[in-house]
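Keep in mind the model is a prediction, meaning the values are calculated, not measured. Basis for what follows: all heavy atoms, side chains included, without hydrogens, waters or symmetry-related copies.
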Amino acid sequence: MLTDYINAALRKAKYKLLDDGEGVFGHIPGFPGLWANASSLERCRDELQSTLEAWILVKLRHNDTDLPRVAGINLNRGVSRPSRVA
């Protein structure tokens, strides 16, 4: 399910060629603060995927249940606080 979520999110990505040969900028609408910048479209896509994976892990680690739904996939289900061991 996580791979499907990442692939669906990357299909929504928007890319822009930067002026003066400064590379490519990419972001995924609906994913605040998530963007990448690289020298080529392929590298930008790879960087965006890596950034997305880290972004998801941080949100889940902090029990942030505000992950966007993508292609009907809801990663917020089943998110619970870790149990405390006494």
A.B. asks: Are Trp35 and Leu57 connected into the same hydrophobic cluster when the rule is that any two of I, L, V, M, F, W, Y join if their side-chain heavy atoms are below 4.5 Å apart?
C.D. replies: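 Leu57 does not cluster with Trp35.
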A.B. asks: Please examine the side chains of Ile6 and Gln49, heavy atoms only from C-beta on, and report whether any two atoms are closer than 4.5 Å.
C.D. replies: yes
A.B. asks: Just by distance, do the side chain of Asn74 and the backbone of Arg69 share a donor-acceptor pair under 3.5 Å?
C.D. replies: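 No, because the side chain of Asn74 does not come within donor-acceptor range (under 3.5 Å) of the backbone of Arg69.
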A.B. asks: Specify the closest pair of heavy atoms between Tyr15 and Gly26, including all atoms of both residues, with the distance to one decimal.
C.D. replies: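 So the two residues come closest at CD2-CA, 3.8 Å.
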A.B. asks: Which atom pair, heavy atoms only, marks the closest approach of Gly30 to Pro68?
C.D. replies: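 That closest heavy-atom pairing would be O-CG, 3.3 Å.
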A.B. asks: What distance do Ile56 atom CD1 and Lys59 atom NZ have between them, rounded to the nearest 0.5 Å?
C.D. replies: 10.5 Å
A.B. asks: Nearest 0.5 Å please: distance from the CG atom of Asp66 over to the CG atom of Leu75.
C.D. replies: 12.0 Å
A.B. asks: Under 4.5 Å between side-chain heavy atoms, counting indirect links through other Ile/Leu/Val/Met/Phe/Trp/Tyr residues: same cluster for Leu10 and Phe25 or not?
C.D. replies: no
A.B. asks: Say you draw a straight line from CG of Leu67 to CD1 of Ile73; how long is it, rounded to the nearest 0.5 Å?
C.D. replies: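 If we round to the nearest 0.5 Å, Leu67:CG and Ile73:CD1 are 12.0 Å apart.
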A.B. asks: Side chains of Leu48 and Phe31: does their closest heavy-atom pair fall under 4.5 Å?
C.D. replies: no
A.B. asks: What's the shortest heavy-atom distance between Val70 and Lys12, and which atoms?
C.D. replies: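 Closest pair (atom of Val70, atom of Lys12, distance): CG1-CD, 4.2 Å.
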A.B. asks: If you group Ile, Leu, Val, Met, Phe, Trp and Tyr by side-chain heavy-atom gaps below 4.5 Å, do Trp55 and Met1 land in one group?
C.D. replies: yes
A.B. asks: Do Leu41 and Arg45 have side chains that approach each other closer than 4.5 Å (heavy atoms only, starting at C-beta)?
C.D. replies: no
A.B. asks: Between atom OG of Ser40 and atom CD of Glu47, what is the distance when rounded to the nearest 0.5 Å?
C.D. replies: 11.0 Å
A.B. asks: About how many Å separate CD1 of Ile28 and CG of Leu52, when rounded to the nearest 0.5 Å?
C.D. replies: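 Nearest 0.5 Å value for the CG-CD1 distance: 4.5 Å.
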